[in-house]
Amino acid sequence: MAVVRRTAKGIWDRYSASDPGLLRLMAGLRTVGAILLALAVLALLGTSVTHLVAGAMTAMVATFAIQEKETRGQAITLALGLPVALAAISLGALLNHRVVAGDAFFILLIFGAVYSRRFGDRGTALGLIGFQVYFVSLFVSATAGKLPGLFLTLTVAFACSAVVRFAVVPETPERTLARLREAFRARLAQLIAHQIDLLDADAGSSDGPEKVLDDLRRSTARLHEAALMIQGRLEEGTRDAAAAALLQRRVADAEIAAERLGVLLLNARSAERVETLTLHLPSAPLAMPRRAQIGQDAGTALRRDLRALHLLVVRLVPDDHGTALPYVRNRLLGYREEQGLPQGSPAIQDCFRAVGEAARAISGLRLAVDGAQDEEYDSPEAARSREEFEAEEISISGEAAEAEEEEPAGLRRPTTRAAVQVSVGSALAIVGGEFLSTQRWYWAVLTCWVVFLNTASTGEIMVKGYRRLVGTVLGVVAGVALAGAVGNHTWAAFALVLLCVFGMFFTAPLSYALMSFFVTAMLGLLYTLLNTYSLDVLVLRIEETALGAACGIIAAVVVLPVRTSHRTDEELGTVLARLRDVVSAAVSQLSGGPAIDLVDLARDLDTALDDLRKSTKPLTHPIAPLRARRQTARYIVALLETCAYHARSLAATAELVPSSKSVAADARLALAGRRITHNIDLIAARVRDEETDGTIESGASIASMLDSGGHEVLRTGSVAFRVLRHLQRLDEGIVGLARPLGVPLAAPDESGAAASRGA
């Protein structure tokens, strides 16, 4: 029985890691549940198939449109959404046969729905409900005589959506945050398991090492994703601001410690000790070192300790008591104090120290989530770590004031610009769609609408239109097969519709093409239910989709365009500014400056880097025609990922200075950060197209810029050695960024002179 439970827990952990917080699963279940309940109620009321279809589509819209995190806000938006839906379907029914007036109103509705995004989640939801319900009226050919029955149908659909949302599949910020914490634990356990696989991988094999490295890279990126998702849910999911800040810090500590352990394990396997490796970027090249440098005894000890670390993560739940777990924890924590450190090369001993740091971070995460436990079994090292945690907790006070950024006004405002673009594109789609079909023209408008959702540049719109067209073509094939399979079996068709809806919402965050596939397959089934299905209709769906995507792209290119290069330059400038903030603040604190909340700065850097990664997707997509540009974009993002890792590590080390007894500030480190911040400023100015006469300084190593009395500081494994190593890698990464961005480098003699002046 115990084996079955462990196996089931392992399977659940793997799924929880793949779907952080079960957000996709809950979204799919909530939407399917609302549709199923609406169909059941409407069937009991004896409504027609047309009303069943309208009720199912409305229940789906009423469920997925609301994205607010607070339960009270969701209830208010849902209550406001019903009158909006009733007004939309009334206008749709009244204007159905008035071509000019109907088209004009549809364009105004589209403008208002997009413009309403500026009012936050509620404005976005109400605009989406108005647009989609108007679309429902066109889909079911609503007329004024059918309005009483449709009013009842929409009311039932909204009521069923509320029942499922608040009673059947309830969702609160606290529950979501708890599931995200569990997903973080599962992903942390996966990452450590892949690090163990890295030690066991045969460097001479042709397939094994590459797969291990790919798994290591993917699990590191997933851990980072889970940490960012937790950050986004902390404010609503934790009522106490101090507790939220503490949890954010502990999650950041665990992420950085695990990431650093992976890099050091790669270094230990490398004959050349290559340290500037990025683990986040999915397309970043990682090469397995030529031969393993880990001796047999040291390798055995390291595998044992990594498995012990994995045990600490797997057992990171409040009901685990006894002496075995504290004993393992105490032994690993001793490595931080050089207690019982196994023999080996400096690179190997760095790995053991990193295991100790990871054990400390995991213990801190457990304290933040579950409170103090097993104190009676603490070793002196564990007691010191607990004291450090308590000192850090005391130092966290109040909420950080968020600076409000000035938003552009007029047509430069993103919501206004998008509203104008969508309106123009929709007008083109209406005209073109009418030529293709006087009855199904609205498919072109719908495609034009959706390609603008969650996009910020012309390139993103082009990629999204391409993905929708591919998904639609594949969905037509599936729709033909499914329509032929169900025939006239109404409830079998509705069952397949529910499966398609679940697939649509479950895959939406993963693949837009796959989501479009499920949408089109579902439409084929709905047409079957309405007795309007034919192969010509589905082929027309492809034509209207292509037309809508083309109209959206034309509008994005011609009307108030936002070039992809301009968008990426803006995001790149933001990343550089955040990187400078983290490096400057961390070096200042390491040099004896005042304590600063470095965790928030590091998370701002992560968020900005995530935005940059999204904005460069059109440049790195396989359909992008400029191969050199694609490679340059990947190279820049990879370097920034590496720089962000070292900046986060600096911040994590600097956070220890105020409370730790073993980490002391060193005033000489202030000199080491000046060149880095100077170079970042020059690159940022170049990205902003500002005139500057400076050049990138390089040449002498960061360590050599310290005074000659610092040889003892550079002892392998010391905190100062770790800090200097991160600063050196940051310096190399920033200099590497200068070349593809066209920032001039100083001549070697000039760099040496500059370094001397800085020292």
Side-chain angles (χ1 to χ4, degrees), residues 224 227 248-249 251-264 267 275-280 336 350 353-354 357-358 360-361 392 575-609 639-660 662-681 701-703 705-706 710 713-714 717-737:
H224 184 65
Q248 181 181 13
R249 182 164 301 182
V251 168
D253 288 344
E255 179 199 354
I256 292 169
E259 185 180 10
R260 179 171 178 268
L261 176 58
V263 171
L264 290 177
N267 293 341
E275 297 187 46
T276 53
L277 294 173
T278 177
L279 296 178
H280 284 319
R336 300 181 63 239
D350 275 349
R353 295 186 186 96
E357 293 288 352
R360 177 189 182 276
E392 289 179 13
V575 171
L576 291 171
R578 300 292 181 265
L579 180 63
R580 190 197 189 283
D581 291 343
V582 174
V583 173
S584 178
V587 171
S588 173
Q589 192 160 315
L590 287 165
S591 306
I596 306 171
D597 192 351
L598 294 171
V599 174
D600 280 344
L601 292 178
R603 282 306 173 203
D604 288 342
L605 171 61
D606 289 338
T607 302
L609 196 53
L639 277 179
L640 286 171
E641 292 281 3
T642 303
C643 291
Y645 158 68
H646 291 292
R648 287 196 303 270
S649 298
L650 278 177
T653 306
E655 283 283 333
L656 301 176
V657 172
S659 57
S660 175
S662 60
V663 180
D666 189 333
R668 293 171 296 174
L669 292 173
L671 300 173
R674 292 179 183 174
R675 185 167 79 189
I676 297 175
T677 55
H678 166 78
N679 290 343
I680 293 175
D681 288 339
S701 68
I702 292 293
M705 296 174 65
L706 301 182
V713 174
L714 298 181
S718 67
V719 174
F721 178 85
R722 184 195 311 172
V723 168
L724 289 174
R725 181 171 54 191
H726 289 309
L727 286 172
Q728 181 64 39
R729 300 314 176 206
L730 266 170
D731 183 55
E732 294 170 355
I734 296 302
V735 172
L737 279 174

Let me confirm one number: the CD-CD1 distance from E732 to I734, rounded to the nearest 0.5 Å.
11.5 Å
Compare all side-chain heavy atoms of N679 with those of D731 and state whether any distance is below 4.5 angstrom.
yes
Could you state the interatomic distance from CG (L605) to CG (L576), rounded to the nearest 0.5 Å?
10.0 Å
Nearest heavy-atom neighbours spanning S588 and P594
OG-CD, 4.5 Å
From L724 atom CG to L590 atom CG, the distance as rounded to the nearest 0.5 Å
10.0 Å
List for me each residue that meets side chain to side chain donor-acceptor pair (under 3.5 Å) alongside D606, sequence neighbours excluded, and say none if there are none.
R603, R648
Heavy atoms, side chains only, cut-off 4.5 Å: are I680 and I676 in contact?
yes
When you measure from the side chain of S584 to the backbone of D581, do you find a donor-acceptor pair of N or O atoms at a distance under 3.5 Å?
no
Test side-chain contact (heavy atoms from CB on, under 4.5 Å) applied to V587 - qualifying residues, sequence neighbours left out
V583, S591, L727
For L261 and A354, the nearest pair of non-hydrogen atoms, with its separation, is CD1-CB, 3.7 Å
Minimum-distance pair of heavy atoms, taken over all atoms of A652 and I256:
CB-CD1, 3.8 Å
Do you know the tightest heavy-atom contact between V575 and A608?
CG2-O, 3.4 Å
Could you report the tightest heavy-atom contact between L598 and A654, atom names first, then the distance?
CD1-CB, 3.4 Å
Do the ring planes of H726 and H646 sit parallel (below 30°), tilted (30 to 60°) or perpendicular (above 60°)?
tilted
Across all chains, not counting sequence neighbours, the side chain to side chain donor-acceptor pair (under 3.5 Å) partners of R260 are none
D350 versus R725: any side-chain heavy-atom pair under 4.5 Å?
yes
Does some side-chain heavy atom of V582 sit less than 4.5 Å from a side-chain heavy atom of L650?
no
Output, in order, the C-alpha distance, side-chain angles, deciding distance and verdict of side-chain contact (heavy atoms from CB on, under 4.5 Å) for R729 and T642.
CA-CA 8 Å; R729 300 314 176 206; T642 303; 5.7 Å; no
So R578 and L609, do their side chains get closer than 4.5 Å, heavy atoms only?
no
Testing the basics here: between A647 and L579, what is the closest heavy-atom pair and its distance to 0.1 Å?
CB-CD1, 3.7 Å
